[in-house]
Number of protein chains: 2
Amino acid sequence: MEFFNKVGKAALGSRLRLMTAAITDDASKIYELYGVEFVPKWFPVFYTLAEEREITITEIALEIGHSQPSVSKIMRELIAAGLVEEIEKADDKRKNNIILTPKGVAISQVFKHQLQDIDVAIEEMILQSKHNLWAALEEWEFLLSQKSLLKRVSEQKKKRESKDVEITAYKPQYKQAFKELNVEWISKYFEMEEADYKALDNPEDYILNKGGKILVALYDNEPVGVCALIKMNDSEYDFEMAKMAVSPKAQGKNIGYLLGKEILKTAKEMGAKKVYLESNTILKPAINLYYKLGFEKVFGLSTPYKRCNIQMELIIE
Amino acid sequence: MEFFNKVGKAALGSRLRLMTAAITDDASKIYELYGVEFVPKWFPVFYTLAEEREITITEIALEIGHSQPSVSKIMRELIAAGLVEEIEKADDKRKNNIILTPKGVAISQVFKHQLQDIDVAIEEMILQSKHNLWAALEEWEFLLSQKSLLKRVSEQKKKRESKDVEITAYKPQYKQAFKELNVEWISKYFEMEEADYKALDNPEDYILNKGGKILVALYDNEPVGVCALIKMNDSEYDFEMAKMAVSPKAQGKNIGYLLGKEILKTAKEMGAKKVYLESNTILKPAINLYYKLGFEKVFGLSTPYKRCNIQMELIIE
DNA sequence: TACATTTACATAACTAGTTATATAATTAAT
DNA sequence: ATTAATTATATAACTAGTTATGTAAATGTA
């Protein structure tokens, strides 16, 4: 299958599906070989039933990793085939009490040999191969239970995309973006306040000329994120990190983190000892980001913003 | 999943199916992550189409290892989704000439990144694991193409069962079996002849007392196969191997081979230099067995049996 | 004790594939 | 130039699973 090599690892699913189909096809021929009238899909259910006498349909489903309706259907097929039967029992009437018929017991005897033969045959394949498929499946089941493929891919996506993000200093051409990106989220969650208009309409006067800084994140040369570092003259803090905004279109590219890191680096270069910020706890991803950047909660400072209900600081080491 | 460990390698199929389901589930979420409206099952078809512009449905099916109807269905779904379209072309009217729409081209651009991210994510899993699932699948595809699982299991079955077969010397209690097993196949394919009745009704007089031997194969202590070594006084051969019969119920346990090997060993012990046999070419499995035992075709000896149309000999080294 | 919740199972409708078979277009053979 | 065989695709019916949902029995709780 040329295809697999061309597509690369992303074809893992397809490759697995084909291998599964090949094995399942042979499985039904193997039952024929042993002269038992048996459908491969019955096997996990039948086997579990033969091993553990008292077991409910739901428990079987859990044990073999199928859904309950699947086991339910198979069970009725097994009954129709005369391999198992329901027995009357006075206890819990929701459960169906199922045991093997003599015919079922006979088949389970044949299976003992059959399973042994398959085991040896597969064991031999494992010996003949450099890469142990059985062990690999076991290992990958574990790896995927630790962290799903989705999560792994998503992390990789973020990593790759953040490489394409460029953090650059504010230039007059980004004035509009600086305002729009901020208005976008502020007016979505709260209401624009007097202090917002001042800073967003005149970043030069209110931020830059007072010794502050503004950074812009570019993606494909488009400004998609902004963040300001504002000088706080009459406070115990040197700077306030504020007006951080990332376009919803560019979310999931780690842009907030990259902007924050760069702002803190700038603060350090400018000799800051402590950086302050204000936010609101309904902005959960933002708060998480601040923690990730190293900010910690502080209490009781005055603020001009109504929307502020949490204040944080970071001490630069 | 306790189940897999209890059942052993025979659960390979089930284990593969679950892994496939887990990967496929995540696959559809991954498409969501990249913001493309795309169903995972479309992928192999769409990808092949994006790579090779001029390709028929049947060729795609072959390339990706699906059935033609499966590709046919997916193709119509892709058309309905506006990702590909049929174009008019004057050549072969059975083929449908399909190309990507602009929307399809856009999605195939997104896929370039997506595939790369998945590749890296899976590559990382491979690095984290001791057993390389991707390499194992590739290797097992090859191993199974060389010899199917069915064939491997069938060989193992034969091997195991032949261990339970006991080859023993003729005793009077096997007289009936000696006759019945032979009558069974002779009358099925040919007609019983005078010479048959003589040997089968009086093995003591016609075989044993003349310096011959009869061996019996027992399975579960039941006689299921017989074979005679008859002294040939007035011939260039020392012995004839004859009256070999195996019960149809006990076929596939290598019994013919075991009987033949043991008969030849006996012949050698008795000082034979050449062993002779007669048969008929319609009995293909038997002829194959004789070749396997080392017999070779010879011509032009006289025979009392009408059914004989092939004569063979083996020179004992 | 009555009512809400949970449990055990069944049923229906869907999914992603399959095989078997039909049909139209093309190619090969007489 | 027919006719037969082959090729390319479509369609129908099936398979082995799934999710969503319904129902009766058992359990928990005010």
Side-chain angles (χ1 to χ4, degrees), chain A residues 11 13-29 31 38-46 49 54-81 84 86 88-98, chain B residues 11 13-29 31 38-46 49 54-81 84 86 88-98:
Chain A
S14 298
R15 192 161 220 169
L16 277 166
R17 185 167 316 108
L18 283 180
M19 175 72 72
T20 307
I23 298 272
T24 310
D25 272 10
D26 265 23
S28 70
K29 287 180 203 139
Y31 288 110
F38 201 86
V39 181
K41 67 164 171 172
W42 291 349
F43 179 73
V45 174
F46 183 79
L49 214 48
E54 300 257 331
I55 188 168
T56 68
I57 285 186
T58 314
E59 281 163 355
I60 293 176
L62 198 74
E63 169 89 9
I64 68 175
H66 278 205
S67 65
Q68 167 267 312
S70 165
V71 176
S72 204
K73 263 196 265 184
I74 290 170
M75 199 63 94
R76 266 167 300 132
E77 288 180 31
L78 284 169
I79 291 172
V84 305
E86 268 181 286
E88 286 298 319
K89 242 183 147 189
D91 76 333
D92 196 331
K93 274 178 196 158
R94 293 168 306 173
K95 299 182 183 174
N96 31 17
N97 303 103
I98 292 166
Chain B
S14 297
R15 192 162 219 168
L16 278 167
R17 184 165 318 110
L18 284 180
M19 175 72 71
T20 307
I23 298 275
T24 310
D25 271 11
D26 265 21
S28 71
K29 286 179 206 142
Y31 288 109
F38 201 87
V39 181
K41 67 164 171 172
W42 293 347
F43 179 72
V45 174
F46 183 80
L49 214 49
E54 300 258 330
I55 189 167
T56 67
I57 284 187
T58 315
E59 283 164 355
I60 294 177
L62 198 73
E63 168 89 9
I64 67 174
H66 277 205
S67 65
Q68 166 268 314
S70 164
V71 177
S72 204
K73 262 195 268 182
I74 289 170
M75 199 63 93
R76 269 168 297 133
E77 288 180 29
L78 284 171
I79 291 172
V84 305
E86 267 180 288
E88 286 299 317
K89 242 185 150 188
D91 78 331
D92 196 331
K93 276 178 195 156
R94 292 168 306 175
K95 299 180 184 176
N96 32 17
N97 303 103
I98 292 166

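- In this structure, Asp25(A) places its CG atom 12 Å from C1' of dG17(C), rounding to the nearest Å.
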Distance-only criterion, 3.5 Å: show the donor-acceptor pairs between side-chain atoms of residues 67-76 of chain A and protein atoms not counting sequence neighbours.
residue: Ser67(A); atom: OG; partner: Ser70(A); partner atom: N; Å: 3.4
residue: Ser70(A); atom: OG; partner: His66(A); partner atom: ND1; Å: 3.1
residue: Arg76(A); atom: NE; partner: Ser72(A); partner atom: O; Å: 3.4

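- Dashed line: the shortest gap from a side-chain N or O of Lys41(A) to OP1 or OP2 of dA16(D) is under 4.0 Å.
- Judged as a side chain to side chain donor-acceptor pair (under 3.5 Å), and not counting sequence neighbours, the contacts of Thr24(B) are Arg17(A).
- In this structure, Ser67(B) does not reach the dG17(C) phosphate: none of its side-chain N or O atoms is under 4.0 Å from OP1 or OP2.
- Summarising the geometry of Pro40(B) relative to Tyr31(B), their closest heavy-atom pair is CA-CE1, 3.5 Å, with the distance given to 0.1 Å.
- Ile79(A) pairs by the side chain to side chain contact (heavy atoms under 4.5 Å, CB included) definition with Val84(A), Glu86(A), not counting sequence neighbours.
- Applying the salt bridge (charged side-chain N to carboxylate O under 4.0 Å, His left out) rule to Lys41(B) yields the partners Glu77(B); only residues at least two apart in sequence or on another chain are considered.
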Any chance you could list the contact pattern along nucleotides 7-12 of chain D? Use B for base contacts, S for sugar-phosphate-only contacts and - for none, protein heavy atoms under 4.0 Å, 5' to 3'.
BSBBB-
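- Atom CD in Glu77(A) sits about 12 Å away from atom C1' in dG17(D), given to the nearest Å.
- Every residue two or more places apart in sequence or in another chain was checked for a side chain to side chain contact (heavy atoms under 4.5 Å, CB included) with Ala21(A), and none qualifies.
- In this entry the distance linking CG of Leu16(A) with C1' of dG17(C) reads 15 Å, nearest Å.
- What separates NE2 of His66(B) from P of dG17(C) is a distance of 5 Å, to the nearest Å.
- For the pair Leu62(A) CG and dA8(C) P, the interatomic distance rounds to 11 Å; values are reported in whole Å.
- Between dA16(C) and Arg17(A), no contact under 4.0 Å exists linking OP1 or OP2 to a side-chain N or O.
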